[in-house]
Amino acid sequence: MVFESSTRDVPPPRQVPRHIAIIMDGNGRWARGRGLPRIAGHRSGAEAVRRVVRIAPGCGITALTLYAFSCDNWTRPAAEVSTLMMLLKRYLRSELNTLLKNDIRFQPIGRIDDLARDVQQELRAAEAKTAGSRGMLFNIALNYGGRAEIVEAARKLIAAGVRAEDVDEQAFATHLYTAGQPDPDLLIRTSGEMRVSNFLLWQIAYAEIWVTDVLWPDFRRRHLLQAVADFQKRERRYGGITPA
């Protein structure tokens with residue numbers, strides 16, 4: 001399937017966020033509110049991922065990062081973790097051709113080497129097959145933690161023998177999982193929770209934050225466009241002031 005953007009997908013001709021990061025929250029509450037098992041919420045959440053990945057390129061977004069599984073999520077029941085990994089593999093198999101046809105590059109970020117071998121194989125295969133794509137970059141954060149990423153970057157600098165006086169923000173950023181990418185302009189969180197949950201702690205330093213009470217499985221095109229429209233109304237000063 002090749003995505004066909006419509007006028008409904010294109011925000012007004014003002015500044016569009018280049019990079020949007022999303023904390024996908026609320027699958028469990030969505031299922032509980034319907035008297036369904038949590039797995040039903042995760043299945044519906046996977047459908048929401050499909051929708052957003054298909055909509056985003058038509059909005060002018062060049063990078064999209066979705067928070068799928070944190071380092072802390074391993075404390076969940078083993079059956080739930082297994083289901084999440086199964087849904088991930090199923091998504092990659094079913095959507096790979098769509099990603100390729102729409103020139104979307106896929107990249108997993110996080111401690112990927114600690115995942116099960118079969119999951120690693122699916123992730124690396126999708127990454128390799130889309131490596132030549134030049135359209136939107138689609139990051140999926142798995143076994144990810146913002147603090148762990150910062151610690152890992154520091155260790156890489158030390159291992160590379162970089163002198164303390166040569167360490168600056170630019171040098172540090174080259175050792176993050178998102179090296180070479182623009183930092184997120186907009187962070188979206190669903191389900192109404194007012195926290196960043198250890199997500200992209202370095203990268204969201206100047207991101208605008210948009211929180212909605214909508215649970216992730218219910219997230220639709222209109223919600224993404226609403227977030228972008230709200231972003232366009234904000235004044236980004238980066239610590240400066242607006243000229244009189």
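Every heavy atom of this structure was used, including side-chain atoms; hydrogens, water molecules and symmetry mates were not. One-based numbering along the sequence shown.
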Check against salt bridge (Lys or Arg N to Asp or Glu O under 4.0 Å), E152 and K156: CA-CA 6 Å; E152 189 170 325; K156 289 177 180 177; 3.7 Å; yes

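- The aromatic rings of F219 and H223 are tilted relative to each other, their planes meeting at an angle between 30° and 60°.
- When side chains are defined from C-beta on, Q181 counts as touching Q107, because their heavy atoms get closer than 4.5 Å.
- Each salt bridge (Lys or Arg N to Asp or Glu O under 4.0 Å) pair with one or both residues in residues 125-150, not counting sequence neighbours, appears once here: R124-E127.
- Side chain of T174 to backbone of A179: no donor-acceptor contact under 3.5 angstrom is found.
- Sorted by first then second residue, the salt bridge (Lys or Arg N to Asp or Glu O under 4.0 Å) pairs that include residues 35-45, not counting sequence neighbours, are R38-E80.
- When the options R117, R93, K89 are evaluated for a salt bridge (charged side-chain N to carboxylate O under 4.0 Å, His left out) with E122, the one that passes is R93.
- Sorted by first then second residue, the salt bridge (Lys or Arg N to Asp or Glu O under 4.0 Å) pairs that include residues 174-188, not counting sequence neighbours, are D185-R236.
- There is a path of hydrophobic side-chain contacts, each under 4.5 Å, that joins Y91 to M85.
- Atom CZ of R155 is surrounded by 12 or fewer heavy atoms from other residues, nucleotides or ligands within 6.0 Å.
- One N or O on the side chain of T62 and one on the backbone of R18 form a donor-acceptor pair closer than 3.5 Å.
- The shortest distance between side-chain heavy atoms of C59 and L225 falls below 4.5 Å.
- Taking the side chain as every heavy atom from C-beta outward, E208 and P17 never approach each other to under 4.5 Å.
- Residues S197 and R189 bring a donor and an acceptor atom of their side chains to less than 3.5 Å of each other.
- Residues Q226 and R222 form no side-chain contact, since every pair of their non-hydrogen atoms from C-beta on lies 4.5 Å or further apart.
- Proximity of a side-chain donor or acceptor of W216 to a complementary backbone N or O of T190 within less than 3.5 Å is not detected.
- The side-chain heavy atoms of W210 and V228, taken from C-beta on, include no pair separated by under 4.5 Å.
- Clustering ILVMFWY residues whenever any of their side-chain heavy atoms sit less than 4.5 angstrom apart, transitively, puts L215 in a cluster other than the one holding V52.
- With hydrogens and angles ignored, the 3.5 Å screen pairs no side-chain donor or acceptor of N102 with any backbone N or O of I104.
- The salt bridge (Lys or Arg N to Asp or Glu O under 4.0 Å) check on D230 picks up R234, with sequence neighbours excluded.
- Side-chain N or O atoms of N143 include one that pairs as donor or acceptor with a backbone N or O of R111 at under 3.5 Å.
- Using modelled atom types, one side-chain atom of T130 and one backbone atom of A126 make a donor-acceptor pair closer than 3.5 Å.
- Distance alone, capped at 3.5 Å, is enough to place a donor-acceptor pair between the Q120 side chain and the L115 backbone.
- Side-chain contact between I20 and F231 is absent, with no heavy atoms from C-beta onward closer than 4.5 Å.
- The other members of the hydrophobic cluster of V196, by chain and number, are I23, Y67, I109, Y144, I150, L157, V162, V167, F172, L176, Y177, L187, M194, F199, L200, L201, W202, I204, I209, V211 (side-chain heavy atoms under 4.5 Å, ILVMFWY only).
- Linking ILVMFWY residues whenever their side-chain heavy atoms come closer than 4.5 Å, directly or via other members, leaves L142 and L137 in distinct clusters.
- When hydrophobic clusters are built by joining Ile, Leu, Val, Met, Phe, Trp and Tyr residues whose side-chain heavy atoms come closer than 4.5 Å, directly or via intermediates, L88 is grouped together with I112.
- The shortest distance between side-chain heavy atoms of I140 and F69 does not fall below 4.5 Å.
- The salt bridge (Lys or Arg N to Asp or Glu O under 4.0 Å) test applied to D218 returns R34, not counting sequence neighbours.
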